[in-house]
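Step one of this worksheet: look at the structure below.
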Amino acid sequence: MQDIDSLFPSIGEMRSIEDQLSQKLADVRQRSMTRRTTPEPLSPDWLANLKSKSFDQTEELSVAMDWVIEALETGIVQMTHPGHLGLFNPSPNFASECADRIVSAFNPQVCVYTHAPAAVEIERHTINQIALKIGMPAESEGHFTSGGAEANATSVLCALQAKFPDYGEDGLMSLGSQPMIYVSAESHLAWLKIAHSVGIGRRAVRLIATDGQGRMDADCLTSTLERDVESGLAPVMIAATAGTTNAGMIDPLAECRAMADRFGLWLHVDAAWGGALIASPKHRSNLSGIENADSITLDAHKWFATTMGTGIFFTSRPEILGNVFRVSASYMPESDSSKDYYSNSMQWSRRFIGLKMFLALCSAGWNGFAEHVERSIRLTDRLAESLATGGWTRVNSSPMGVACFVPPKGNADVDRCVNAVHGDGRFWVSKAKFEGQSVLRACVTNGRTDEETIDRLGSFLASL
Ligand SMILES: *Cc1c(COP(=O)(O)O)cnc(C)c1O
């Protein structure tokens with residue numbers, strides 16, 4: 001067998017290797033239920049072995065895959081473990097795993113409509129249905145992104161374009177004043193990176209004070225905007241967070257809309273993980289007002305539990321997107337550019353990302369996601385109740401599946417408690433800052449977590 005045959009094996013060989021891989025992954029899943037949640041330190045032998053792979057010599061693909069699978073079983077935080085209560089990284093929903101395999105087998109090029117009409121229509125339909133569920137205006141459009149950070153970066157570009165129609169041609173230097181964006185001090189700090197890379201600079205990000213409960217203080221927003229306008233700065237966008245990363249708090253969306261209207265600004269709502277509440281008729285009202293945003297970020301790879309790399313950007317002003325990302329290239333086929341993702345989104349060659357959400361929605365329906373979200377919230381409340389009896393205090397009042405706790409001995413004891421949890425290995429929680437204080441954060445968005453796990457964690461924490 002030639003080395004090149006490893007890249008393109010026969011159909012028969014592919015089938016045999018894939019069948020074996022499926023068996024192995026099924027075993028991996030079985031073992032994942034009882035594995036330690038925390039990674040073991042990488043051994044010097046393992047690292048030496050890794051570094052010895054200079055790729056001058058080859059090994060069987062199946063041997064290399066076994067080596068990788070074994071490494072991942074101990075060398076990463078185990079997202080698929082029922083006790084993993086961290087950072088929204090989900091136990092992926094199975095439909096999205098299947099989608100990943102299908103997409104790999106076809107590898108459609110989704111950036112041009114005519115190359116992948118079936119794939120693009122599936123993505124467009126999925127986006128439309130989610131936008132409808134959010135309650136956005138009918139003309140709204142959007143696209144799948146690599147994640148929330150890309151979607152948020154897209155919102156800044158749209159805001160600049162909307163405010164300064166010539167900025168795309170003439171650049172920031174032509175503006176004559178410094179563009180500013182407004183986010184809360186508890187927002188996701190990718191905003192700073194975005195401001196840096198977009199070219200408005202990190203100091204263009206105004207971190208508006210919060211109200212003691214992790215929500216943007218509307219009065220502080222107003223006075224900051226008034227002051228900035230007075231001193232000749234150029235506000236372009238308010239980005240409200242609907243579900244802060246650390247504590248699941250929601251900025252006052254109606255006030256943010258009113259301020260955006262008063263100052264002529266783009267309103268973005270970063271609902272990267274909290275947006276999942278749209279699925280639940282019971283909890284949807286917490287997001288009231290989100291439908292009036294100019295643009296929205298929603299990460300399917302968080303609370304909707306698709307595999308990684310599935311963000312979504314929505315906008316009720318799609319013509320702006322077409323303006324920001326417009327392009328004409330002689331080597332690209334001519335077609336209806338409104339359906340060509342290369343000319344209305346950041347990425348060019350692009351994976352058929354949206355199939356993950358499509359298959360999950362086909363098989364579980366909105367109702368399945370509603371149950372998933374509601375169960376998360378129930379389990380979060382269950383943990384909070386059990387900890388309250390043990391003297392722990394929940395400090396965030398989020399309507400979502402995340403709770404921030406202070407141990408009975410106070411904030412200074414958080415490190416010890418989190419280390420004890422990681423040392424035990426049956427659960428995974430994180431350390432976070434909420435309104436300046438150190439807290440233990442349990443994010444119960446993992447679809448594999450059950451009552452038993454929550455109760456065991458509750459007793460373990462109470463015993464510390
Ligand atoms: C996770 C998160 C992001 C970043 O999204 P990625 O998918 O990690 O790029 C942005 N905003 C909020 C509120 C988030 O929780």
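What you are looking at is a predicted structure, and each value in this text was computed from that prediction instead of being measured. We count ligands from 1, going down the list as the structure has it; atoms in each ligand are counted the same way.
How far OG1 of Thr145 is from CG of Leu298: 10.0 Å, rounded to the nearest 0.5 Å.
Figure legend: Arg350 and Tyr341 shown as a cation-pi pair, the cationic atom lying under 6.0 angstrom from the six-membered ring centre and within 45 degrees of its axis. Annotation: cation-pi geometry satisfied between Arg441 and Phe88 (NZ/CZ under 6.0 angstrom from ring centroid, within 45° of ring axis).
With hydrogens and angles left out, the side-chain atoms of Ser349 and Gln109 include a donor and acceptor closer than 3.5 Å. Checking Ser22 against Arg101 by side-chain atom types alone, a donor-acceptor pair falls below 3.5 Å. Of the N and O atoms on the side chains of Glu150 and Gln347, at least one donor lies less than 3.5 Å from an acceptor on the other residue. Side-chain contact annotation: Ser96 with Asn93, donor-acceptor N/O pair under 3.5 Å present.
Proximity annotation for atom 7 (O) of ligand 1: of Thr145, Thr297, Asp299, Asp299 comes nearest, heavy atoms only. The option from Lys302, Met308, His301 that lies nearest to atom 1 (C) of ligand 1, judged by heavy atoms, is Lys302.
Of all atoms in ligand 1, listed by their number and element, those nearer than 4.0 Å to a heavy atom of Thr245 are 12 (C), 13 (C), 14 (C), 15 (O). Ligand 1 places these atoms under 4.0 Å from at least one heavy atom of Trp273: 15 (O). Those atoms of ligand 1 that come under 4.0 Å of a heavy atom in Gly148, given as number and element, are 5 (O), 6 (P), 7 (O), 9 (O). Near Asn152, meaning under 4.0 Å from one of its heavy atoms, ligand 1 places the atoms 10 (C), 11 (N). Near Ala149, the atoms of ligand 1 lying under 4.0 angstrom from a non-hydrogen atom of the residue are 4 (C), 5 (O), 6 (P), 9 (O).
Under the 4.0 Å criterion applied to side-chain N and carboxylate O atoms, Glu73 and Arg31 are assigned as salt-bridge partners.
For ligand 1, the polar-atom distance check finds no N/O of Ala272 at less than 3.5 Å from any of the ligand's N/O atoms. Taking distance alone, with nitrogen or oxygen atoms compared against 3.5 Å, His188 stays at or beyond that limit from ligand 1. For ligand 1, the polar-atom distance check finds an N/O of Asp270 within less than 3.5 Å of one of the ligand's N/O atoms. Distances between N or O atoms of Gly243 and those of ligand 1 include no value under 3.5 Å.
Taking a 4.0 Å cut-off on heavy atoms, Glu150 fails to register as neighbouring ligand 1. Under a 4.0 Å heavy-atom criterion, Gly274 is not in contact with ligand 1.
Residues Trp428 and His81 form no side-chain contact, since every pair of their non-hydrogen atoms from C-beta on lies 4.5 Å or further apart.
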